[in-house]
**Q** 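Shown below is the structure under consideration.
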Protein chains: 2
Amino acid sequence: MSITQQEANFSRRFDADIVQNPVFTGVERAILEQRLPPGTRLAETDLAEFYGVSRTIVRTGLQALAHSQLVTLRPNRGASVANPSPREAREVFEARELLEPRSAREAALRANRADVRALRLHAQEEHAAMANNESGRALRLSGRFHVMIAQIANQRTIAEIIENLVSRSSLIIALYWTRSSTRCDEGCHNALIDALERNDAGEAEELMRSHLVELHSALRFEVGPSSNLTLKDMLS
Amino acid sequence: MSITQQEANFSRRFDADIVQNPVFTGVERAILEQRLPPGTRLAETDLAEFYGVSRTIVRTGLQALAHSQLVTLRPNRGASVANPSPREAREVFEARELLEPRSAREAALRANRADVRALRLHAQEEHAAMANNESGRALRLSGRFHVMIAQIANQRTIAEIIENLVSRSSLIIALYWTRSSTRCDEGCHNALIDALERNDAGEAEELMRSHLVELHSALRFEVGPSSNLTLKDMLS
DNA sequence: GCCTGCGCAAATGTATACAACCGTTGACGG
DNA sequence: CCGTCAACGGTTGTATACATTTGCGCAGGC
């Protein structure tokens with residue numbers, strides 16, 4: 001196998017074709033948009049019916065989600081949306097605080113005009129979602145923003161790790177977030193884009209660090225209430 | 001769900017029951033011990049026959065291995081042992097250099113007598129494997145040593161990330177390693193244990209850093225030859 | 001009244017049958 | 001002689017049938 005082929009494989013997302021598994025895609029999005037709250041039972045038959053596929057596909061998707069730690073699988077007991085403990089929540093943010101500032105620094109050094117434009121566009125979309133009261137969508141886009149920065153840094157391995165941590169953060173925020181608005185994000189993200197545009201590595205690193213610390217400090221580890229919508233309601 | 005139940009789930013390995021999937025276990029070990037060199041084709045039927053299970057189980061295991069990035073799945077083309085590119089190799093070691101020294105520091109602060117004893121025992125086993133000319137086994141144990149340190153640091157999230165990076169390192173070493181012996185490991189690992197025993201955080205961090213740099217610098221990115229043993233030979 | 005244990009319903013776990021796809025081979029035509 | 005295309009064998013992808021396990025309810029006994 002040639003080097004270029006290796007690169008091609010590597011550039012692809014690890015799951016190869018999981019991305020086009022409707023269960024994986026749909027449930028992932030629903031979790032990231034907080035339509036599926038932590039702890040929600042994910043019965044295979046229900047998902048199979050909802051997406052119009054066999055349980056085989058459902059299982060593949062659930063296993064992939066379990067590997068991303070968005071879903072918990074217990075033998076003979078089925079799947080449910082992951083329910084990260086306070087400890088896990090803390091650790092995920094600690095890991096982010098370790099990895100992302102350095103990633104932002106590197107991104108600032110490498111960011112070109114196209115990168116900055118893509119980020120600005122993305123930030124606009126995020127802003128629009130917020131203005132539209134689509135807070136779930138806004139949250140998912142906000143996470144994606146962090147992933148984009150990690151990708152600009154051009155370290156795929158670390159970017160993949162960050163992608164995982166970011167998606168888990170959606171669950172953590174669903175469980176432990178106290179503030180009603182994420183308005184801080186807007187300013188933070190824009191300031192970060194500015195720093196990247198100026199290729200100001202030190203500033204980007206520091207902005208990312210403080211942004212994460214702020215997010216982390218807004219978590220309160222108390223249990224919240226649970227709703228009782230049906231699975232179908234939450235997916236559609 | 002109570003907090004203690006959350007903790008129990010969290011402490012379990014992410015895959016829940018994947019660990020007792022014979023395909024996952026067996027192929028993982030064979031890869032870590034370099035009996036399955038990078039690029040080896042992993043046909044589902046062959047694995048099913050070898051392990052005496054159905055293709056269903058084989059697929060589950062292969063998917064799990066793909067998530068660990070030890071195996072590459074290409075749609076309609078099956079699985080093969082991953083073949084990390086030089087770029088991926090470099091990135092994996094960069095990530096390790098970022099995470100593990102800090103992990104070692106934390107481990108030095110937390111290591112108790114039982115931890116140190118377990119490490120020493122493990123180092124002995126590693127040494128014995130080396131003396132016995134079981135270089136594959138020695139390599140796997142050497143990786144496991146790094147994972148143990150990450151676990152002592154008591155940051156499970158980061159430890160899981162490190163576990164993944166370490167296992168990928170086995171493939172990278174198989175492809176790009178130049179030195180015939182890993183004798184350096186012995187000394188490095190023992191020195192690390194000593195630092196942990198003394199709770200010398202700074203020394204542990206520095207030892208880990210230099211250990212990884214040394215490993216990394218021993219990689220040469222040229223393509224090696226491939227053997228032509230049968231799949232069955234390599235698994236048993 | 002509560003605890004125990006049996007049995008049923010419903011879910012997950014596994015195997016297998018069938019469908020779809022890929023790579024190869026061989027024949028045909030240029 | 002070489003390139004192209006079609007048919008075939010083999011491998012993977014999906015659905016479904018069957019086995020196993022779990023959790024609940026109900027009945028019986030202590």
Side-chain angles (χ1 to χ4, degrees), chain A residues 1-2 5 8-9 12-27 36 39-67 70-83 230-232 235, chain B residues 1-2 5 8-9 12-27 36 39-67 70-83 228 230-232 234-235:
Chain A
M1 182 180 280
S2 75
Q5 275 177 313
N9 295 345
R12 191 173 331 194
R13 194 164 170 192
F14 62 95
D15 284 275
D17 49 346
I18 270 296
V19 291
Q20 61 189 41
N21 177 318
V23 179
F24 178 83
T25 309
V27 174
L36 282 172
T40 307
R41 193 66 212 297
L42 298 170
E44 295 180 0
T45 311
D46 296 349
L47 290 171
E49 193 179 348
F50 182 81
Y51 289 106
V53 294
S54 76
R55 276 181 51 225
T56 308
I57 308 295
V58 173
R59 295 190 125 247
T60 306
L62 288 175
Q63 279 163 14
L65 289 162
H67 285 287
L70 294 179
V71 154
T72 302
L73 291 179
R74 287 185 304 172
N76 291 313
R77 312 269 214 80
S80 44
V81 178
N83 205 354
T230 74
L231 180 61
K232 194 181 164 193
L235 286 171
Chain B
M1 182 181 280
S2 76
Q5 274 178 312
N9 294 346
R12 189 174 332 192
R13 193 163 170 193
F14 62 96
D15 285 276
D17 46 348
I18 270 296
V19 291
Q20 60 188 42
N21 177 318
V23 180
F24 178 83
T25 310
V27 175
L36 282 172
T40 307
R41 193 66 212 297
L42 298 170
E44 297 181 358
T45 311
D46 294 350
L47 291 170
E49 191 179 350
F50 183 81
Y51 289 107
V53 295
S54 77
R55 276 181 50 224
T56 307
I57 309 295
V58 173
R59 295 190 125 245
T60 306
L62 288 176
Q63 278 162 15
L65 289 162
H67 285 288
L70 294 179
V71 154
T72 300
L73 291 179
R74 286 185 305 171
N76 289 313
R77 313 265 217 82
S80 45
V81 178
N83 205 354
N228 49 3
T230 74
L231 182 60
K232 195 181 164 193
M234 300 190 255
L235 287 170

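Just so it is clear, the structure is predicted and the values come from calculations on it, not from any experiment. Below, chain A is the first sequence line, B the second, and so on; all start at residue 1.
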**Q** Given atom CD of B:E49 and atom P of D:dT12, what is their separation to the nearest angstrom?
**A** 13 Å
**Q** Take B:Q20 and B:T25, measure what side-chain contact (heavy atoms from CB on, under 4.5 Å) needs, and give me the verdict at the end.
**A** CA-CA 7 Å; B:Q20 60 188 42; B:T25 310; 6.0 Å; no
**Q** If you look at every heavy atom in B:R41 and B:R77, which pair is closest and at what distance?
**A** NH2-O, 3.3 Å
**Q** Please state how far atom CG in A:N76 lies from atom C1' in C:dA10, giving the value in whole angstrom units.
**A** 13 Å
**Q** Please report the shortest heavy-atom distance between B:L62 and B:L47, naming the atom on each side.
**A** CD2-CD1, 4.0 Å
**Q** Could you tell me which non-hydrogen atom of A:A48 sits nearest to which non-hydrogen atom of A:S54, and how far apart they are?
**A** CB-C, 4.2 Å
**Q** Please find the pair of heavy atoms, one from A:L73 and one from A:A79, that lie closest to each other, and give the distance.
**A** CD2-CB, 3.3 Å
**Q** Set out, line by line, the N/O atom pairs under 3.5 Å between protein and nucleotides 15-19 of chain D.
**A**
from: D:dA15; atom 1: OP2; to: A:S54; atom 2: N; distance (Å): 3.2
from: D:dA15; atom 1: OP2; to: A:S54; atom 2: OG; distance (Å): 2.7
from: D:dA15; atom 1: N7; to: A:T56; atom 2: OG1; distance (Å): 2.6

**Q** Using 0.5 Å steps for rounding, measure from the CD atom of B:Q63 to the CG atom of B:L65.
**A** 10.0 Å
**Q** Testing B:V27, B:D46, B:I57 for side-chain contact (heavy atoms from CB on, under 4.5 Å) with B:Y51, which one passes?
**A** B:V27
**Q** Look at B:R41 and D:dG10 and indicate whether a side-chain polar atom (N or O) is within less than 4.0 Å of OP1 or OP2.
**A** no
**Q** Please report the distance, rounded to the nearest Å, between CG in A:L62 and P in C:dT12.
**A** 9 Å
**Q** Can you measure A:Q20 atom CD to C:dC21 atom C1' for me and round it to whole angstrom units?
**A** 14 Å
**Q** Give me the atom names and distance for the closest heavy-atom approach of B:L36 to B:V81.
**A** O-CG1, 3.8 Å
**Q** Check B:G39 against B:S80 and note the closest heavy-atom contact, atom names and distance.
**A** O-CB, 3.7 Å
**Q** Using atom CD of B:E44 as one end and atom P of C:dT14 as the other, report the distance to the nearest whole Å.
**A** 16 Å
**Q** Using atom CD of B:Q63 as one end and atom C1' of D:dT12 as the other, report the distance to the nearest whole Å.
**A** 12 Å
**Q** Using whole Å, what does the distance between atom C1' of nucleotide D:dT14 and atom CG of A:L47 come to?
**A** 17 Å
**Q** In whole angstroms, how far is the C1' atom of D:dT12 from the CG atom of B:D46?
**A** 13 Å
**Q** Please tabulate the protein-to-nucleotide N/O contacts below 3.5 Å involving nucleotides 23-25 of chain D, giving atom names and distances.
**A**
from: D:dG23; atom 1: OP1; to: A:R77; atom 2: NE; distance (Å): 2.7
from: D:dG23; atom 1: OP1; to: A:R77; atom 2: NH1; distance (Å): 3.4

